[in-house]
Amino acid sequence: MKSFNERAYDLLREVPKGKVTTYKEIANALGTSAYRAIGSAMKKNPYAPSVPCHRVVSSDGGIGGFNGCKEGKDITRKINMLMEEGIEFNGNKIKNFNDVIYRFI
DNA sequence: CGGTTGACCAAGT
DNA sequence: GACTTGGCCAACC
C-alpha cells in the first residue's frame with residue numbers, strides 16, 4: 001500500500017507535457033479532498049525531476065506555492081518552465097488554463 | 001489521541 | 001483586487 005504522497009506522485013507522472021493539473025484535481029482523483037496534503041506531498045517530493053511538481057497549480061489557474069524545488073523562492077521559475085512547455089501565462093496566472101488543465105482521465 | 005501546521009479552496013468583507 | 005474566516009484532510013509532535 002503506497003502512501004498518500006506516493007499516489008499523488010504517481011498521478012502527477014501521468015500529466016503529459018504542456019498540461020497542468022491542480023491540487024484539488026489530484027486529491028479528487030485519489031478519492032479524497034486533502035488539497036493541502038497534496039501540497040505538502042509536493043513540497044517533500046523525493047522524486048523531484050521524475051515528478052513534475054511544477055505542473056501542479058492552484059484551482060484559480062494561479063501558480064500557488066513552489067519554492068523552486070530546493071533552489072530558490074521564485075515562482076517566476078515555475079512560470080518559465082511551464083511556458084517552455086507551451087503554456088501561456090498572463091502575469092502570474094495561466095492564460096489558457098481551461099485548455100492546459102489535465103483531469104486524470 | 002489531541003493540537004498544530006500546511007506549495008489549498010470557497011465564500012464573505 | 002486584497003485580506004479574513006471557516007472548512008477540508010494528511011502529516012508531524
Side-chain angles (χ1 to χ4, degrees):
Chain A
M1 186 58 180
K2 293 184 176 182
S3 302
F4 182 85
N5 41 16
E6 288 196 40
R7 284 192 272 170
Y9 303 143
D10 228 29
L11 282 172
L12 196 49
R13 283 182 213 178
E14 269 185 58
V15 181
K17 179 184 172 192
K19 293 277 186 174
V20 295
T21 187
T22 68
Y23 301 100
K24 188 177 178 182
E25 282 295 317
I26 296 174
N28 186 43
L30 291 177
T32 181
S33 310
Y35 326 108
R36 313 194 69 156
I38 301 293
S40 296
M42 296 303 103
K43 184 177 176 186
K44 297 170 186 174
N45 188 18
Y47 303 90
S50 308
V51 177
C53 43
H54 62 270
R55 268 182 212 159
V56 187
V57 296
S58 65
S59 298
D60 297 281
I63 268 320
F66 194 72
N67 303 0
C69 275
K70 50 189 104 159
E71 301 224 344
K73 354 176 171 163
D74 208 351
I75 63 172
T76 55
R77 179 180 298 273
K78 180 171 179 177
I79 295 176
N80 193 32
M81 279 192 291
L82 292 173
M83 288 179 79
E84 288 299 303
E85 306 215 338
I87 296 172
E88 301 178 59
F89 271 82
N90 184 359
N92 63 333
K93 300 218 172 171
I94 297 179
K95 190 174 183 179
N96 53 343
F97 182 51
N98 194 37
D99 294 324
V100 296
I101 183 71
Y102 181 82
R103 297 193 187 269
F104 296 109
I105 317 164

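Order of the sequence lines fixes the chain letters, A, B, ..., with proteins taken first and strands second; residue numbering starts at 1 for each chain.
- Summarising the geometry, the separation between NZ on A/Lys44 and P on C/dA10 is reported as 12 Å, rounded to the nearest angstrom.
- In this structure the side chain of A/Leu82 reaches within 4.5 angstrom of the side chain of A/Ile63, judged on heavy atoms.
- Between the A/Asp60 side chain and the A/Gly62 main chain, no donor and acceptor come within less than 3.5 Å of each other.
- Scanning both residues, A/Ala29 and A/Leu11, for their nearest heavy atoms gives CB-CD1, 3.7 Å.
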From CA spacing to verdict: salt bridge (charged side-chain N to carboxylate O under 4.0 Å, His left out), A/Glu85, A/Lys17: CA-CA 6 Å; A/Glu85 306 215 338; A/Lys17 179 184 172 192; over 6 Å; no
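- To the nearest angstrom, C1' of C/dA10 lies 9 Å from CD1 of A/Ile38.
- Straight-line distance from the CG atom of A/Asn92 to the C1' atom of B/dA7: 15 Å, rounded to whole Å.
- A straight line from CZ of A/Arg7 to C1' of C/dA10 spans 11 Å, rounded to a whole angstrom.
- For the pair A/Tyr9 (side chain) and A/Ala41 (backbone), a donor-acceptor distance under 3.5 Å is present.
- Taking atom CZ of A/Phe4 as the reference point, atom P of C/dC8 lies 16 Å away to the nearest angstrom.
- Looking at every heavy atom in both residues, A/Ile38 comes nearest to A/Ala8 through CD1-CB, 4.0 Å.
- Distance, A/Leu30 CG to C/dA11 P: 11 Å, rounded to whole Å.
- Taking atom NZ of A/Lys43 as the reference point, atom P of C/dC12 lies 11 Å away to the nearest angstrom.
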Enumerate the protein-to-nucleotides 8-13 of chain B contacts in which both atoms are nitrogen or oxygen and the separation is below 3.5 Å.
residue: B/dC8; atom: N3; partner: A/Arg36; partner atom: NH1; Å: 3.3
residue: B/dC8; atom: N4; partner: A/Arg36; partner atom: NH1; Å: 2.3
residue: B/dC8; atom: N4; partner: A/Arg36; partner atom: NH2; Å: 2.9
residue: B/dC9; atom: OP1; partner: A/Ser59; partner atom: N; Å: 2.7
residue: B/dC9; atom: OP1; partner: A/Ser59; partner atom: OG; Å: 2.5
residue: B/dA10; atom: OP1; partner: A/Lys24; partner atom: NZ; Å: 2.6

